[in-house]
Visitor: 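Mind looking over this structure? Questions follow.
These values consider heavy atoms only, across backbone and side chains, with no hydrogens, waters or symmetry-generated copies. For reference, positions follow the sequence shown, starting with 1. Atoms within each ligand, like the ligands themselves, are counted from 1 in listed order.
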Amino acid sequence: MEKGTQEKNGKLVCVTGASGFLASWLVKLLLLRGYIVKATVRDPNDSRKVSHLVELEGAKERLHLVKADLMEEGSFDSAVEGCEGVFHTASPVSVDVKDPQTELIGPAVKGTLNVLKSCAKSTSLKRVVMTSSMATMLCNGKHKTPEIVVDETWFSDPEFCDEYEHWSGYILSKTLAEEAAWKFVKENNIDMVTINPGTVIGPLLQPTLNTSSDTLAILFNGAKTFPNFSLTWIHVKDTINAHIQAFEIPSASGRYCLVESVKHHSEIVKILSHMYPRLQFPDKCADDKPFMPIFQVSKEKAKTLGIEFIPFEVGLGEIVESLKEKKFVIF
Ligand code: NAP
């Protein structure tokens, strides 16, 4: 899709949280496809957040930065106005929070409703594509084994979000945000699709280090142990192509799992040790509990969006090289 620079008749779309890891790629690929993009950022004058966006191919002609904050009611009205599509990606992604309610859950849930309230006022809107997460599917106390296949019928249960310990506030924020979004769009007759990616890997466009990329960077930066996590993984290009296809394909609907593979961190350090044999990676797990089990995630529905599922190892190599180039890992 990256090379397909065919004009989309200059269709106007909005991307919320445009300076982030995923959204920067979304803006880039939308511009390459000929869209006119209204990109929301909290501070359009912050060059660390916007310089990489304004330098994108097509940005001069077709990118408009709009100031908007999830916590301000009505903040997204002007960004959404006139758009046929709204890609809602903005949501805080953090593990080191003191107050999950204020720092994660409030902005995720209230922020999503703020964006959707702006959508409800629009007369031009055709579809909202919301960036949700596999986090909204996996935390429910259901037994997982390598034979179990998770699919779009799975929902997280807020009571089980502590399963992932220090990620729990984030998982809860995404679970409650998606739940609130479905309720709102049903009541207000808005066409919405959610893309539910696993942990996203691939090159970074933005100059800052986002939280999910940091979970890999720390393995290069002196970590003594690896976490007892089995995470779901997907390439950033597959993730963004799924968003765009979910907007462009009229029959797309509901939720889409997006996972290439599920890997325990013990396997990731093994792959990294093969890729970078001269480097030292942590060889001990952070706890002595049994390893969190791996499982499968259905690719069937995502394939209907034309997703190719770039292999994990390709994305891993690309993100490591990108982190190195940006000096987030030094070796
Ligand atoms: P990111 O780089 O941290 O981007 C998050 C974006 O949300 C930033 O642009 C941030 O703006 C914006 N944001 C946060 N609080 C805001 C507020 N109060 N008002 C306006 N904007 C606000 O994270 P990401 O990894 O790209 O994640 C983007 C989306 O994908 C999120 O919804 C996340 O849950 C979802 N997701 C990510 C992954 C992953 O592995 N990365 C996996 C599944 C789902 P500032 O730059 O101003 O802070």
Visitor: Do F220 and F328 have ring centroids that are under 6.0 Å from one another?
Guide: no
Visitor: Given the ring of F155, does R255 sit roughly above its face, with NZ or CZ under 6.0 Å from the centre of the six-membered ring and within 45° of the axis?
Guide: yes
Visitor: Under 4.0 Å from any heavy atom of T131, which atoms of ligand 1 are there?
Guide: 29 (C), 30 (O), 32 (O), 35 (C)
Visitor: Quick one: does L70 get an N or O within less than 3.5 Å of an N or O on ligand 1?
Guide: yes
Visitor: Does P107, backbone or side chain, put an N or O under 3.5 Å from an N or O of ligand 1?
Guide: no
Visitor: For ligand 1, is S132 a contact, meaning one of its heavy atoms is under 4.0 Å away?
Guide: yes
Visitor: I need the atoms of ligand 1 closer than 4.0 Å to a non-hydrogen atom of G20, numbered in the order shown.
Guide: 1 (P), 2 (O), 4 (O), 9 (O), 26 (O)
Visitor: Provide the number and element of each atom of ligand 1 under 4.0 Å from a heavy atom of T199.
Guide: 40 (O)
Visitor: Kindly give the heavy-atom pair with the smallest separation between S212 and F21, and that separation in Å.
Guide: OG-CD2, 4.3 Å
Visitor: Taking only heavy atoms of S133 into account, list the atoms of ligand 1 that are under 4.0 Å away from them.
Guide: 43 (C), 44 (C)
Visitor: Would K142 count as a cation-pi partner of W154, with NZ or CZ less than 6.0 Å from the six-membered ring centre and within 45° of the ring normal?
Guide: yes
Visitor: To the nearest 0.1 Å, how far is atom 33 (C) of ligand 1 from its closest protein heavy atom, and which atom is that?
Guide: Y170 OH, 3.4 Å
Visitor: Can you list the ligand 1 atoms lying under 4.0 Å from a non-hydrogen atom of K174?
Guide: 31 (C), 32 (O), 33 (C), 34 (O)
Visitor: Is it true that V66 and V13 fall in one hydrophobic cluster, defined by side-chain heavy atoms closer than 4.5 Å?
Guide: no
Visitor: Starting from atom 2 (O) of ligand 1, which protein heavy atom do you reach first, and at what distance in Å?
Guide: F21 N, 2.8 Å
Visitor: Determine, using heavy atoms of V93 and all atoms of ligand 1, whether some pair is separated by less than 4.0 Å.
Guide: yes
Visitor: For K117, is there an ion pair with E73 - N to carboxylate O distance below 4.0 angstrom?
Guide: yes
Visitor: Within ligand 1, which atoms have a heavy atom of N210 less than 4.0 Å away?
Guide: 2 (O), 25 (O)
Visitor: Is it the side chain, the backbone, both or neither of K49 that has a heavy atom closer than 4.0 Å to ligand 1?
Guide: side chain
Visitor: Looking only at protein heavy atoms, identify the closest one to atom 31 (C) of ligand 1 and say how far it is in Å.
Guide: T89 O, 3.2 Å
Visitor: To the nearest 0.1 Å, how far is atom 38 (C) of ligand 1 from its closest protein heavy atom, and which atom is that?
Guide: V200 CG2, 3.9 Å
Visitor: Is it true that S124 and E84 share a donor-acceptor pair across their side chains at a distance under 3.5 Å?
Guide: no
Visitor: So for ligand 1, is G17 a polar contact partner (N or O within less than 3.5 Å, distance only)?
Guide: yes
Visitor: Any idea which protein heavy atom is nearest atom 5 (C) of ligand 1, and the distance to it?
Guide: S91 O, 3.5 Å
Visitor: Run the numbers for me: atoms of ligand 1, each under 4.0 Å from some heavy atom of S212, listed by number.
Guide: 39 (C), 40 (O), 41 (N)
Visitor: Report the nearest protein non-hydrogen atom to atom 48 (O) of ligand 1: residue, atom name, distance rounded to 0.1 Å.
Guide: R42 NH2, 2.7 Å
Visitor: Can you report which non-hydrogen protein atom sits closest to atom 43 (C) of ligand 1, along with the distance?
Guide: P197 O, 3.4 Å
Visitor: Going hydrophobic residue to hydrophobic residue with side-chain gaps under 4.5 angstrom, can you get from M275 over to I319?
Guide: yes
Visitor: What are the two closest heavy atoms between A181 and T112, and how far apart are they?
Guide: CB-CG2, 3.8 Å
Visitor: Specify whether H264 and F291 have parallel, tilted or perpendicular ring planes, treating 30° as the upper limit for parallel and 60° as the lower limit for perpendicular.
Guide: parallel
Visitor: Answer yes or no: is there a donor N or O on one side and an acceptor on the other, between the side chain of S298 and the main chain of E300, under 3.5 Å?
Guide: yes
Visitor: Tell me, which protein residue and heavy-atom name are nearest atom 18 (N) of ligand 1, and how many Å apart are they?
Guide: D69 OD1, 3.2 Å
Visitor: Going by the order shown, which atoms of ligand 1 are within less than 4.0 Å of some heavy atom of P92?
Guide: 14 (C)
Visitor: Under 3.5 Å, is there a donor-acceptor pair between the D77 and S118 side chains?
Guide: yes
Visitor: Could you measure the distance from the OH atom of Y276 to the CZ atom of F331? Nearest 0.5 Å is fine.
Guide: 4.5 Å
Visitor: Does any N or O of ligand 1 fall below 3.5 Å from an N or O anywhere on M71, backbone included?
Guide: no
Visitor: For L12, is there any backbone N or O sitting under 3.5 Å from a side-chain donor or acceptor partner on R62?
Guide: no
Visitor: Looking at ligand 1, would A135 count as a contact under a 4.0 Å heavy-atom criterion?
Guide: no
